[in-house]
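As the structure is a prediction and not an experimental result, all values here were calculated from the model. Every number for a ligand or one of its atoms is a count from 1 in the order of the listing.
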Amino acid sequence: MNAQMKPGQSGDFRLLIGGKLVPGAAGTVDVINPATEQVVAACPRADVAQANQAVAAAKAAFPAWAAKSIAERRALLMKLADAIDAHTQELAPLLTQEQGKPLGGAFFELMVASANIRGIAAHDLPPVVLKDNDEAKVVRVRSPLGVVAAITPWNFPVIMMVTKLAPALLAGNTIVVKPAPSTPLTSLRVGELCAEIFPAGVVNVIADANDLGGTLTSHPDVAKIAFTGSTATGRKVMASAAPTLKRLTLELGGNDAAIVLDDVNPQEIAPKLFFAAMVNSGQVCLAAKRIYVPEKIYDAVCAELAKIASAAKVGNGLEEGVDFGPLQNRMQYEKVKAIIDDARAQGKIIAGGEPHAGPGFFIKPTIVSGLPDSARLVCEEQFGPVMPVLKYKTLDEAIARANSSEYGLGATVWSASNDRAYEVAMRLETGTVWINKHLDLPPDVPYGGTKQSGYGVELGQQGVEEFTQVKIINLAK
Ligand code: NAD
């Protein structure tokens with residue numbers, strides 16, 4: 001970073017390739033503030049040659065980085081966590097402007113990002129002696145893979161970036177990061193921080209116009225792809241990685257069910273369900289996207305949810321007191337509006353749902369009751385602040401309906417009885433089930449999707465090991 005370019009203080013953004021901060025050879029892409037529809041900044045756009053240069057730089061840096069001890073690599077990751085903490089005052093408003101989330105949410109994202117780096121870096125990859133007897137000593141070591149391509153979405157740009165970068169680098173790999181084209185700015189600033197900390201080429205950050213993902217996923221010198229995004233794009237990534245048999249971690253879409261048992265107090269449960277569905281304006285892969293409530297308390301839960309939704313303040317995330325910002329981009333905004341229109345025709349909108357006049361991609365928290373399971377809001381991933389509340393008669397029926405999805409990312413179960421909830425959790429076909437809480441994702445606990453929600457895990461010891469190759473050293477005695 002040069003002397004004038006401090007994170008968030010300058011409108012000048014640069015790609016990081018081979019240790020150098022450079023402009024985009026393909027020009028720039030305007031990044032739009034979703035609250036105002038005004039341009040936040042012109043983001044440098046890499047061309048294919050620069051994507052290839054970034055991979056070449058990562059490949060060249062790999063041997064020396066892999067040769068460092070894990071303690072040395074950990075120490076530099078800790079410096080990155082400290083640098084993010086030291087720059088939150090500049091980074092948070094930038095994140096709010098490009099992503100839309102309220103400023104408090106932006107500070108929270110940065111705090112989770114640095115905590116994740118520290119938590120992930122605390123892991124170790126020691127050799128394990130599998131056997132040591134008269135005939136042989138067999139040791140399992142974990143070697144790095146090489147160049148990792150990290151491709152991230154627009155809902156939590158910084159968390160998604162560092163949750164791939166930290167385990168990749170800790171394990172001895174080098175990386176090329178490509179953020180989503182609608183939220184690249186904070187990632188580029190984190191790239192500038194990386195430029196001051198890591199040897200040239202260890203971390204490279206490029207930005208595109210949604211056109212360079214394929215270059216990375218098919219590149220013969222990329223060993224692994226760590227991807228978070230939609231299931232549709234995940235399928236393309238997998239196909240593109242097949243010819244060179246790249247390792248993959250795919251964190252994809254979800255349509256998480258929340259199952260409410262009949263022993264809860266509607267007033268107590270409603271704010272928790274509301275948070276589970278609406279956090280980050282519902283733009284969370286693990287948000288509760290279908291709420292199953294027993295007949296007995298259905299009307300009471302619906303009424304409580306409608307009350308909370310009607311009181312929520314929606315607005316520009318830079319303003320004080322705003323609970324929810326806009327949706328991140330126009331395409332998502334139009335998609336969610338169409339899903340609401342479909343829901344209006346088939347069920348009852350009991351809060352929100354009104355059209356928004358004026359600039360910005362705002363949708364008020366919307367609660368819908370009485371929908372059939374065939375409605376788009378129930379069977380598709382809405383990825384927005386719209387919550388279908390569905391009535392069930394028996395718990396078996398609720399579990400069957402929850403499981404009848406191509407997705408299987410997360411789920412929540414809400415009950416006064418941990419034992420009853422645990423039984424339900426055991427029957428849900430998802431990678432994570434939370435009981436009486438939501439989105440608890442500490443860096444020492446892995447998460448990942450079943451079915452078409454993903455492939456592999458992030459976080460935890462396993463999340464780090466996914467950036468390694470098992471290697472066996474088998475000595476004759
Ligand atoms: P997306 O799939 O459109 O884009 C994700 C990234 O992939 C972007 O960087 C994009 O530029 C890139 N990309 C686009 N086409 C590509 C291609 N052919 N090859 C390689 N990369 C390509 O997803 P999005 O709209 O940015 O994010 C929303 C989706 O992400 C939702 O479905 C959500 O559930 C999912 N998500 C999942 C998790 C998780 O951990 N499981 C977390 C956050 C978001």
Side-chain angles (χ1 to χ4, degrees), residues 29 31 34 43 45-46 48 51 98-101 109 112 116 149-161 163-164 176-184 187-188 205-219 222 225-242 246 248-256 279-289 327-336 339 380-384 405-411 430-432 439 441 446-459 463 466:
V29 178
V31 175
C43 175
R45 176 182 171 191
V48 171
E98 67 172 341
Q99 205 284 332
K101 64 186 64 189
E109 171 162 357
V112 172
N116 274 5
I151 300 178
T152 57
W154 43 254
N155 55 350
F156 292 95
V158 187
I159 292 177
M160 295 295 153
M161 172 180 181
T163 302
K164 293 168 172 49
V176 178
V177 178
K178 192 208 79 62
S182 58
T183 54
S187 303
L188 291 176
V205 186
I206 60 171
D208 69 347
N210 218 24
D211 56 343
L212 291 180
T215 304
L216 296 176
T217 58
S218 61
H219 199 296
V222 170
I225 300 154
F227 173 84
T228 300
S230 61
T231 294
T233 309
R235 290 189 192 106
K236 289 186 198 161
V237 170
M238 206 166 176
S240 164
K246 296 185 197 317
L248 293 173
T249 308
L250 303 177
E251 298 293 347
L252 307 178
N255 194 3
D256 293 9
V279 56
N280 209 38
S281 297
Q283 300 166 115
V284 181
C285 54
L286 286 152
K289 292 175 181 146
L327 294 201
Q328 200 282 316
N329 57 70
R330 177 169 289 284
M331 211 166 90
Q332 189 62 24
Y333 178 57
E334 298 297 342
K335 179 185 153 186
V336 174
I339 287 178
E380 287 181 32
E381 181 186 35
Q382 66 272 43
F383 220 63
S405 168
E406 66 181 17
Y407 295 116
L409 191 55
T430 62
T432 300
L439 273 193
L441 288 166
Y447 82 98
T450 62
K451 301 196 244 181
Q452 294 187 43
S453 284
Y455 206 90
V457 297
E458 286 195 334
L459 300 180
E466 295 223 355

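The shortest distance between side-chain heavy atoms of Leu409 and Lys451 does not fall below 4.5 Å. Two residues are said to be in side-chain contact when any heavy atoms from C-beta on lie closer than 4.5 Å; Met161 and Pro179 fail this criterion. You'll find the side chain of Pro157 stays beyond 4.5 Å of the side chain of Thr152, heavy atoms only. Gln328 has its side chain within reach of Gln99: a pair of non-hydrogen atoms, C-beta onward, lies under 4.5 Å apart. Side-chain contact between Val222 and Val176 is absent, with no heavy-atom pair separated by less than 4.5 Å. Using a 4.5 Å heavy-atom threshold, the side chains of Thr217 and Lys246 count as separate. Side-chain contact between Ile159 and Asn116 is present, with at least one heavy-atom pair separated by less than 4.5 Å.
For the 3.5 Å distance criterion, the side chains of Glu466 and Thr249 qualify, holding a donor opposite an acceptor. Under the 3.5 Å distance criterion, with hydrogens and angles disregarded, a donor-acceptor pair is assigned to the side chains of Thr228 and Lys164.
In this structure a side-chain-to-backbone donor-acceptor pair under 3.5 Å is present from Ser405 to Tyr407.
Looking at Ser218, Pro153, Gly253, Gly229 and measuring to atom 35 (C) of ligand 1, the nearest heavy atom belongs to Gly229. The closest non-hydrogen atom to atom 44 (C) of ligand 1, taken over Thr231, Asn280, Ile151, Asn155, comes from Asn155. Taking each of Phe227, Phe156, Phe383 in turn, the one with a heavy atom nearest to atom 7 (O) of ligand 1 proves to be Phe227. When the heavy-atom distances from atom 29 (C) of ligand 1 to Ser230, Pro181, Ala150, Gly254 are ranked, the shortest goes to Ser230.
For atom 10 (C) of ligand 1, the closest non-hydrogen atom of the protein is Asn210 OD1, 3.1 Å. Nearest protein neighbour of atom 25 (O) of ligand 1, counting heavy atoms only, is Trp154 NE1, 3.0 Å. When only non-hydrogen protein atoms are considered, atom 21 (N) of ligand 1 lies nearest to Gly213 CA, 3.5 Å. For atom 18 (N) of ligand 1, the closest non-hydrogen atom of the protein is Lys236 CD, 3.8 Å. Protein heavy atom at the shortest distance from atom 16 (C) of ligand 1 is Thr233 CG2, 3.3 Å.
Heavy atoms of Gly454 stay at 4.0 angstrom or farther from ligand 1.
Remark: atom 4 (O) of ligand 1 lies closer than 4.0 Å to no protein heavy atom.
Atom CG of Asp211 and atom NZ of Lys178 lie 8.0 Å apart (nearest 0.5 Å). Residue Ile151 holds its CD1 atom at 9.5 Å from OG1 of Thr233, rounded to the nearest 0.5 Å.
Residue Asp208 has no N or O atom closer than 3.5 Å to an N or O atom of ligand 1. Looking at Leu252 next to ligand 1, an N or O pair under 3.5 Å apart turns up. For the pair Thr152 and ligand 1, the shortest N or O to N or O distance falls below 3.5 Å. At a 3.5 angstrom cut-off on N or O pairs, Thr228 does not count as close to ligand 1.
Close contacts of ligand 1 with Pro179, meaning ligand atoms under 4.0 Å from a residue heavy atom, involve 9 (O). Taking a cut-off of under 4.0 Å to the non-hydrogen atoms of Cys285, the atoms of ligand 1 that pass are 34 (O), 36 (N), 37 (C), 38 (C), 39 (C), 40 (O), 41 (N), 42 (C), 43 (C), 44 (C).
Residue Glu381 touches ligand 1 through its side chain alone, judged by heavy-atom distances below 4.0 Å. Only the side chain of Met160 comes within 4.0 Å of ligand 1, counting heavy atoms alone; its backbone N, CA, C and O stay farther away.
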